[in-house]
Number of protein chains: 2
Amino acid sequence: MIHRTSVHTCPPKAVEAVPYDRAMQETAEADDGESRAERKERTRRAILDAALALAADSNLAAISLRQVAKQVGVVPTAFYRHFGSLELLGLALVDESFRSLRLMLLDVWRHAPEYRDFIDGSLPIVAQHVRENCSHYAFIARERTAGPPRVREAIRHEIELITRELATDIARSGAAEHYSSKDIGLLADLIVSFVVTMAERLVEDPDSEERTLADARTQLRMLLVGALGWRSTGRT
Amino acid sequence: MIHRTSVHTCPPKAVEAVPYDRAMQETAEADDGESRAERKERTRRAILDAALALAADSNLAAISLRQVAKQVGVVPTAFYRHFGSLELLGLALVDESFRSLRLMLLDVWRHAPEYRDFIDGSLPIVAQHVRENCSHYAFIARERTAGPPRVREAIRHEIELITRELATDIARSGAAEHYSSKDIGLLADLIVSFVVTMAERLVEDPDSEERTLADARTQLRMLLVGALGWRSTGRT
DNA sequence: TAGTTGAGTGAACAGACGTTCACTCAACGG
DNA sequence: CCGTTGAGTGAACGTCTGTTCACTCAACTA
């Protein structure tokens with residue numbers, strides 16, 4: 001139990017506290033037409049954001065339900081109305097992180113269908129997405145290795161899906177015609193692993209984004225130029 | 001504060017409890033000639049091992065001084081005789097992990113001075129070391145992204161040192177003659193990043209070691225064959 | 001041999017923890 | 001319009017947390 005003095009690197013992104021139930025004593029006339037479901041969703045969001053912010057100073061396994069509740073401005077028991085446990089909350093965060101990430105990847109596939117554009121077209125999009133969803137990426141980077149087993153497993157699975165998707169995309173692009181399908185998978189894995197590492201660095205040190213990106217571009221070029229000259233030894 | 005039910009994957013490695021101070025009531029005749037310093041060192045080791053074992057089920061920031069003390073078989077206050085805080089204990093663990101790792105790397109440099117042997121010579125040595133020091137690697141993998149800031153920083157620094165060492169080794173080997181020195185650094189970084197990822201996988205799923213290694217070898221070959229065909233565009 | 005040192009003890013503290021329970025009372029649906 | 005529902009309350013519980021303090025008593029040193 002190490003106590004952190006908040007030194008988070010990325011997001012100002014204020015956490016919306018939910019004013020408890022004085023939702024009716026409207027001071028103004030009538031701008032808060034808020035259904036029951038809307039209020040619930042708002043609190044849920046606030047809990048997710050609060051957990052994301054608190055975990056940023058250590059990690060999911062080190063924060064407490066009570067801290068989250070306090071940050072949201074709600075009594076501890078209210079937490080249970082939304083999540084059965086911190087672990088389930090973690091799974092929800094994984095879900096939402098990758099939902100956003102997958103949308104971004106659709107952009108990448110669309111903007112860089114040609115191999116020649118692959119690096120220059122994709123990296124900036126990824127970098128921008130990391131910048132804009134910094135806290136989610138930080139969460140994934142941490143919990144991928146240090147999270148509760150179920151959370152780790154969920155993240156591992158999502159990354160595996162993305163790797164498979166990239167593999168079929170490489171195969172379809174015809175850029176690696178002489179590769180066996182297994183080796184296309186390995187190449188995709190190599191690329192995804194590299195991008196994961198790069199994303200971790202962007203999150204850890206956002207100020208050096210420009211340099212990190214320039215280096216990553218060179219490295220990706222080394223990797224791809226090399227890999228494309230490579231020849232599978234196995235069979236399809 | 002998520003409570004883990006111990007599901008650690010790797011080490012049986014029992015934690016030596018230190019019997020408190022009945023060190024004198026020897027039941028047998030005289031086999032425990034143990035100096036004061038020796039006893040202190042033994043307790044220190046037991047604390048390090050206990051922390052390593054406990055952190056394996058979650059992470060450093062989530063364990064408590066009292067848990068460690070209980071596991072060691074010592075009263076909580078005794079902890080302070082050895083470490084000022086859990087964070088300092090973490091730094092000690094980083095230190096000891098990398099001391100061992102550096103010794104292993106000397107072996108690698110020695111056994112694979114020729115480029116042709118690089119992959120086949122190095123990977124098995126690394127894999128063996130990961131297998132034998134599983135809990136240390138797991139610790140590094142977790143705390144590298146999720147540890148307290150000072151611990152993260154220490155790990156990042158150690159990895160950077162190793163990368164630099166590899167870079168000078170690549171330069172000396174002459175395998176990348178047409179590379180600028182900066183690009184040799186980037187290549188070294190690429191390789192180290194990949195090996196870190198591979199080590200994480202070996203730790204996460206030790207049962208698939210054989211397959212993981214085979215895949216890694218192919219990927220490293222893709223990477224290197226490619227990279228060696230690559231040509232720096234910048235200047236030295 | 002007498003005196004110092006320091007690893008480990010054990011009690012005590014104030015606060016935070018997860019979880020339970022009975023409750024309120026505004027929004028909802030028939 | 002009136003009964004149901006369910007998000008949020010607040011008190012209470014037993015347990016665990018980090019840290020303090022004065023202490024013991026074996027190993028060391030002079």
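Below, read A as the first sequence line, B as the second, and so on, with proteins coming before strands; counting in each chain starts at 1.
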| query | A/Arg45 has an atom CZ; how far is it from atom C1' of D/dA7, in whole Å? | reply | 18 Å
| request: Quickly work out the A/Arg42 CZ to C/dA26 P distance and round it to whole Å. | output: 17 Å
| field | side chain to side chain donor-acceptor pair (under 3.5 Å) evaluation trace for A/Thr145 with B/Thr145 | value | CA-CA 8 Å; A/Thr145 54; B/Thr145 55; 3.0 Å; yes
| When the distance from CG of B/Leu88 to C1' of D/dG18 is rounded to whole Å, what number comes out? | 15 Å
| field | side-chain contact (heavy atoms from CB on, under 4.5 Å) between B/Glu204 and A/Arg152, intermediate numbers included | value | CA-CA 10 Å; B/Glu204 179 83 15; A/Arg152 283 211 307 267; 3.2 Å; yes
| B/Pro148 to B/Leu60 - nearest heavy-atom pair and separation | CD-CD2, 4.1 Å
Under 3.5 Å, which N/O atoms of the protein pair with N/O atoms of nucleotides 28-30 of chain C?
from	atom 1	to	atom 2	distance (Å)
C/dC28	OP1	A/Arg36	N	3.0

| request: Take the protein atom CZ of A/Arg39 and the nucleotide atom C1' of D/dT5, then report the distance between them rounded to whole Å. | output: 15 Å
| Per the atom types in the model, does the base of D/dG6 pair as donor or acceptor with the side chain of A/Arg81 at under 3.5 Å? | no
| message | Strictly below 4.0 Å, N to O, side chains only: are B/Glu38 and B/Arg42 in salt-bridge contact? | response | no
| said: If I take atom CD1 in residue A/Ile47 and atom C1' in nucleotide D/dA7, what distance separates them, rounded to the nearest angstrom? | reply: 10 Å
| message | Please determine whether the number of non-hydrogen atoms from other residues, nucleotides or ligands lying under 6.0 Å from atom CZ of B/Arg102 exceeds 12. | response | yes
| query | When you check every protein heavy atom under 4.0 Å of nucleotides 11-21 of chain C, what one-letter string (B, S, -) results, 5' to 3'? | reply | -B----BBBBB
| Which residue, B/Leu52, B/Asn59, B/Asn133, forms the side chain to side chain contact (heavy atoms under 4.5 Å, CB included) with B/Phe139? | B/Leu52
| SB check B/Glu96 B/Arg45 (cutoff 4.0 Å) | yes
| message | From NZ of A/Lys40 over to C1' of D/dT5, roughly how many Å is that when rounded to an integer? | response | 11 Å
| Are any of the side-chain nitrogens in B/Asp205 or B/Arg201 under 4.0 Å away from the carboxylate oxygens of its partner? | no
| said: Strictly below 4.0 Å, N to O, side chains only: are A/Glu153 and A/Arg156 in salt-bridge contact? | reply: yes
| B/Phe79 CZ to D/dT20 P, straight-line distance once rounded to whole Å | 13 Å
